[in-house]
Amino acid sequence: MPKIVINRTQKTAQYYVEDLGNGITLDMVVIPGGSFMMGSPEDELERRDSESPQHLVNIQNFCMGKYPVTQAQWKAVVALPQVQKELDPDPSYFKGDKRPVERVSWYDAVEFCDRLTSCTKRQYRLPSEAEWEYACRAGTTTPFHFGETITTDVANYRGTDNEEFKWLGSYGRGSKGIYRGETTEVGNFQVANQGKRILFTNKN
């Protein structure tokens, strides 16, 4: 089997820290504006029709969270005054302050942003689809920001086969891996793209 190459480079990023109280912070990374080809090429493995046609998109500067919103951050913001709807302070199935919050709806995420906006007087919102892809790609054109394939050493996904659902544990010429079956603490893999993708954004 060909050797799997994961491209690693060390870079720095501009960011600011939002203090949520009680020692809990939210790191927001500046994503410089630019242009990119949104979508995927027709010959990319496992692509979907919805990813066509590729088209040029211009993006302005914005900020994005360094990590997925953690359960500790979620609880801190849920404790702020309600704007539109109630929020469950502890919705996640896999518990842990440093694990990402899960089992929340789009409406819950909007309320999270609205409460953060109201408290900080800075505008927080969900990223657009184009902003999300721009940050994830971080100037690359390969299927993953670090190269042509992926392994369970650098991401949390099912790296084992599942015959019932016709799921292959490998991508392209990559190797099979493990199936953790649960979320992991944010920052666990210590592999970030140049854009530092995350869940919620703050418009500059």
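Model, not experiment: these values are computed from the prediction. This chain uses plain numbering: 1 for the first residue, then up along the sequence.
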Less than 4.5 Å apart, side chain to side chain, heavy atoms only: is that true for [X] and [Y]?
{"X": "Gln82", "Y": "Glu111", "value": "yes"}
{"X": "Pro41", "Y": "Gln54", "value": "yes"}
{"X": "Trp74", "Y": "Leu87", "value": "yes"}
{"X": "Ser92", "Y": "Arg103", "value": "no"}
{"X": "Tyr157", "Y": "Ile150", "value": "yes"}
{"X": "Met28", "Y": "Tyr16", "value": "yes"}
{"X": "Asp97", "Y": "Glu185", "value": "no"}
{"X": "Asp90", "Y": "Lys75", "value": "yes"}

Assess whether atom [atom1] of [X] is packed by more than 12 heavy atoms of other residues, nucleotides or ligands within 6.0 Å.
{"X": "Asn22", "atom1": "CG", "answer": "no"}
{"X": "Glu182", "atom1": "CD", "answer": "yes"}
{"X": "Lys98", "atom1": "NZ", "answer": "no"}

Give me the atom names and distance for the closest heavy-atom approach of [X] to [Y].
{"X": "Ile59", "Y": "Ala130", "value": "CD1-CB, 4.0 Å"}
{"X": "Leu26", "Y": "Leu20", "value": "CB-CD1, 4.2 Å"}
{"X": "Arg115", "Y": "Val77", "value": "CD-O, 3.7 Å"}
{"X": "Cys113", "Y": "Tyr124", "value": "CB-O, 3.6 Å"}
{"X": "Val17", "Y": "Asp27", "value": "CG2-OD1, 3.4 Å"}
{"X": "Asn156", "Y": "Thr183", "value": "ND2-CA, 3.8 Å"}

task = Show the numbers, then the answer: is there a side chain to side chain contact (heavy atoms under 4.5 Å, CB included) between Arg99 and Thr70?
result = CA-CA 5 Å; Arg99 293 187 186 221; Thr70 66; over 6 Å; no
query = Would you say the side-chain atoms of Asp19 and Thr25 include a donor-acceptor pair closer than 3.5 Å?
reply = no
ask   = With a 3.5 Å cut-off and no angle check, do the side chains of Arg47 and Ser52 form a donor-acceptor pair?
value = yes
Polar side-chain atom of Ser118 near backbone of Asp114 as donor-acceptor pair, under 3.5 Å = no
ask   = Hey, is the main chain of Leu168 close enough, under 3.5 Å, to the side chain of Asp161 for a donor-acceptor pair?
value = no
Give a yes or no on whether [X] and [Y] share a hydrophobic cluster (residues Ile, Leu, Val, Met, Phe, Trp, Tyr; joining criterion: side-chain heavy atoms under 4.5 Å apart).
{"X": "Tyr107", "Y": "Leu126", "result": "yes"}
{"X": "Tyr179", "Y": "Phe94", "result": "no"}
{"X": "Val57", "Y": "Phe62", "result": "yes"}

When rounded to the nearest 0.5 angstrom, what distance separates [atom1] in [X] from [atom2] in [Y]?
{"X": "Tyr134", "Y": "Met64", "atom1": "OH", "atom2": "CE", "value": "11.5 Å"}
{"X": "Glu131", "Y": "Asn61", "atom1": "CD", "atom2": "CG", "value": "10.5 Å"}
{"X": "Gln123", "Y": "Thr117", "atom1": "CD", "atom2": "OG1", "value": "4.5 Å"}
{"X": "Phe36", "Y": "Leu56", "atom1": "CZ", "atom2": "CG", "value": "9.0 Å"}
{"X": "Arg122", "Y": "Cys63", "atom1": "CZ", "atom2": "SG", "value": "10.0 Å"}

query = So does Lys95 pair up with Glu102, basic N to acidic O under 4.0 Å?
reply = no
message = Under 4.0 Å between a side-chain nitrogen and a carboxylate oxygen: does that hold for Lys85 and Asp108?
response = yes
request  = For the pair Glu51 and Glu42, evaluate side chain to side chain contact (heavy atoms under 4.5 Å, CB included) and give the outcome as yes or no after the intermediate values.
outcome  = CA-CA 9 Å; Glu51 298 170 16; Glu42 293 186 0; over 6 Å; no
request  = Test side chain to side chain contact (heavy atoms under 4.5 Å, CB included) on Thr184 and Phe189 and set out the steps.
outcome  = CA-CA 9 Å; Thr184 58; Phe189 296 99; 3.6 Å; yes
Near-ring test Phe144/Tyr171, centroid separation under 6.0 angstrom = yes
request  = Could you check Met38 against Glu129 for side chain to side chain contact (heavy atoms under 4.5 Å, CB included), going step by step and ending with a plain yes or no?
outcome  = CA-CA 10 Å; Met38 186 173 180; Glu129 184 178 357; 3.7 Å; yes
